[in-house]
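Worksheet: the structure to be examined is printed underneath.
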Amino acid sequence: MVYRLAVIDVERCVGCELCMFACSRRFGEGGLAKSAIAVRSIGGVERGFIVIVCRACSDPPCAKVCIVNALMIRKGGGVVLNQYKCIGCGRCIDACPVKAVFWNSEINKPNICVHCGYCAKYCPHEVLKLEKVV
Amino acid sequence: MFKSPLTGNLGESYAGGRSATAIRMAGYGAIVIRGSSETPIYLAVHGDKVYFRDASGIWGMRSSYTVGRIIRELEPGAGFRTIMRIGKAGEQLVSYACVITETYRHFGRLGLGAVFGSKKLKALVISGKHSIKVPDSRVYREVYDKIFDLAIKSPLMKKYHDLGTAYNVTPLNELKALPSLNLKQTSLEEAVNISGETLAENYLGRRVACIHCPVACIHLASLREPYEREPYFYKTTMVSYDYEPLYALGSMLGVTNTIGWLKLMDEVEVQGLDAISVGVVLAWATEAYEKGLITDRETMDIKLKWGDYNAYIEAVRRIVAQPNEFYASLARGVEYAASKYGWLDFALSFGGNEMPGYHTGLATYITYLTGSRHSHLDSAGYSLDEKNIKAGRRQAPNEMAEALFKEESWRQILSSLVVCLFARGIYTSSTVIESLKAAGFSSKFELTEESLARVGVEILKYKYMFKIREGFNYKNLRIPKRILETPTPLGLLNEEEIRETINIFFKFLR
């Protein structure tokens, strides 16, 4: 079975950012360095929040611009990063129209969502969900 | 931590939002700001880089909201940064000016905003995305999950997610412990209009969380106002509401018109004032005006009257602008104003700090008087009073003093760890120890319940050493007569009992 992380109701988001911390915790550390999800306000918290996650594109633009083929097409959409091939050029960041490629400045490599759904488990307000992709 | 321009003594203030996390994520444990600038600046700390930015173009701006909007566009780190800023009140050195963070949270008490203003520091932006290594990832995740579950399942989660802290208006009003009209009364018939229920049903527009907290207690009311001269043209303002401002700008001033309260609250935000202090200051001024002790000459023709929110909005602006001696005195707090104009008997401040919204009994006043910040959150006497009310008992002074001392000592640990005090039930000493171990502190500190308790007492003693150095003496604490005249749910208070309990409290500090 293949899954995809989806934002099902962004209006319910309260900006707690538990998802962002969960994403880095998945790697067994605290902080935000490895997070592949972001929450920010729409120009002030009074207007609500934007939750940025990888859409799991079937024809991902990030992979198209990777000159070392470090981003491999994932079954069901999105990409898988091969850290050993990645040279940290950052072209993938510019290529993603929803800005869902994040940057780990500690190792100079992108953070790519693997659609594991760990973040959704910590969303208490039903904003995120791991969906089945056919 | 700072020296309070309001009390001339220990200043300490806490806020929600993202500040604490942003400092840690930027790679720091604390940020110390020394000295002052000649020209207005704002500071931006992004990871290991510190920028001094010219703020002369945003100095003197009418609204603190606008300052936030401008800096938001200028600086990186959207989503995980903190933007602490001051309004005009801070620039004008109003002794109880606050520092606003993330638009709707505040370092409210004791005048940190004036400290920023005196440094010509308009704002402090901090961001970072560091990783935090832990000794054992499995243990770290287990402890995290345990705390997460406790938070999600705690009854507080529902109470504060649903209605927010405004929840407390109704029970305190029913208990007759809601200070009203400068504490001439302890309840108001129309308090329902400023209750959590009324606000949630009719005005709640959005809930927001502080970073890394599932509760989302921050409640924003949506205030939709028509323009008088243009049909079908509206402006919608989001106004944050909480229990303490509902008390101070609501019941204390008799402002029970919901829209009126929201407008007054909004003006206090625009100017960047501590809502509790400015409410108590205006309550004193209203009573003095009512009694004819101050006149139109002092108020410059503003007719201060209970419930008249338009008069209060104008008075708030003048407290900041300080066009005459009277408003300049109000800008220095109720203790100062009443010392100058007289009528200290109904000037409701303790240790120089304006009173919070609980007239629950003896314990709450012992907290205001003995607490190192003279804040209700120092040792939460109101909570002890509520327990005593439920049990239907009057607690003996020694037992009460000991309980409050223990509570304030323990809160030194919670505050040092920047634990939100709403979550104090979750962060018991065993959970704190477990968390510190998971975060890798067991090799650096002795982590036992006894050692934590001891450190808590030590921190409190250090704070009091500072207070005493700066001239604090508990024997000189002023007890306003008004609190002795208005019955609490536990009956009338008497000064002797208050003094006795204070004396016992300070014996524990020796």
Side-chain angles (χ1 to χ4, degrees), chain A residues 9-53 93 99-100 102-111 116 118-128, chain B residues 17-18 21-22 24-25 27 47 65 68-69 72-73 77-81 102-105 127-141 144-145 148 151-153 157 161 205-218 220-222 236-240 438-440:
Chain A
D9 188 355
V10 76
E11 285 305 316
R12 292 182 62 94
C13 180
V14 295
C16 68
E17 309 191 344
L18 259 70
C19 52
M20 291 166 66
F21 286 95
C23 191
S24 279
R25 199 167 58 256
R26 196 168 62 91
F27 298 93
E29 62 179 45
L32 295 169
K34 292 196 170 129
S35 296
I37 180 168
V39 177
R40 63 176 173 84
S41 76
I42 310 171
V45 295
E46 64 273 26
R47 296 183 186 168
F49 296 92
I50 299 169
V51 180
I52 306 167
V53 301
I93 292 187
K99 300 290 162 214
F102 301 92
W103 200 250
N104 181 343
S105 52
E106 291 180 353
I107 56 166
N108 256 339
K109 303 264 162 97
N111 294 332
C116 68
Y118 192 70
C119 54
K121 284 186 203 160
Y122 291 91
C123 176
H125 302 295
E126 296 165 45
V127 177
L128 296 167
Chain B
R18 297 188 193 130
T21 313
R24 187 73 181 90
M25 294 293 118
Y65 290 115
R69 279 181 194 155
R72 196 183 290 150
E73 297 299 316
F80 50 94
R81 67 188 168 195
E102 284 62 271
T103 315
Y104 297 106
R105 295 295 92 183
S127 80
K129 268 195 163 184
H130 266 270
S131 60
I132 296 169
K133 307 291 180 222
V134 293
D136 185 331
S137 345
R138 194 185 50 85
V139 172
Y140 174 63
R141 279 196 291 251
Y144 187 98
D145 286 348
F148 177 76
I152 295 286
K153 288 172 192 151
M157 168 85 189
H161 181 66
R206 191 171 289 283
R207 291 187 188 100
V208 181
C210 297
I211 195 165
H212 221 154
C213 173
V215 176
C217 74
I218 306 167
L220 306 180
S222 164
T236 305
T237 317
M238 298 298 261
V239 185
S240 151

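Keep in mind the model is a prediction, meaning the values are calculated, not measured. Every chain is numbered from 1 and lettered A, B, ... according to where its sequence line falls, protein lines coming before strand lines.
Contacts between A:E106 and chain B at a heavy-atom distance below 4.5 Å involve the side chain alone, from C-beta outward. Looking at B:T21, the atoms closer than 4.5 Å to chain A (heavy atoms on both sides) all sit in the side chain, from C-beta outward. Proximity to chain A (any heavy atom under 4.5 Å) is restricted, for B:I152, to the side chain, taken from C-beta onward. Contacts between A:V39 and chain B at a heavy-atom distance below 4.5 Å involve the backbone alone (N, CA, C, O). Within the 4.5 angstrom heavy-atom criterion, only side-chain atoms of B:Y104, from C-beta onward, approach chain A. Contact of B:R69 with chain A is made through the side chain alone, with heavy-atom distances under 4.5 Å. Proximity to chain A is limited to the side chain of B:R18, based on heavy atoms less than 4.5 angstrom apart.
A pairwise comparison of heavy atoms in B:E102 and A:V45 identifies O-CG2, 4.2 Å as the closest pair.
If you tally non-hydrogen atom pairs under 4.5 Å between each of A:E46, A:R40, A:E11 and chain B, the highest count goes to A:E46. Counting heavy-atom pairs closer than 4.5 Å to chain B, the top residue among A:G43, A:A38, A:C123 is A:G43. Listed options B:A78, B:G128, B:A209 were ranked by heavy-atom pairs under 4.5 angstrom with chain A; first place goes to B:A209. The residue among B:I218, B:V208, B:D145, B:V134 with the most heavy atom pairs within less than 4.5 Å of chain A is B:V208.
Partners of A:H125 under the ring-ring contact (aromatic ring centres under 6.0 Å, His included) rule, at least two apart in sequence or in another chain, are B:H161.
Counting only heavy atoms from C-beta outward, the side chains of A:R12 and B:R207 never approach each other to under 4.5 Å.
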Exercise answer: donor-acceptor pairs, residues 15-32 of chain A side-chain atoms, under 3.5 Å, sequence neighbours excluded:
| from | atom 1 | to | atom 2 | distance (Å) |
| --- | --- | --- | --- | --- |
| A:S24 | OG | A:K34 | N | 3.1 |
| A:S24 | OG | A:S35 | N | 3.2 |
| A:S24 | OG | A:S35 | OG | 2.9 |
| A:R25 | NH1 | B:Y144 | OH | 3.4 |
| A:E29 | OE1 | A:K34 | NZ | 3.1 |
| A:E29 | OE1 | B:K133 | NZ | 3.0 |

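Summarising the geometry, atom CZ belonging to B:R206 is positioned 9.0 Å from atom SG belonging to A:C13; distances are rounded to the nearest 0.5 Å.
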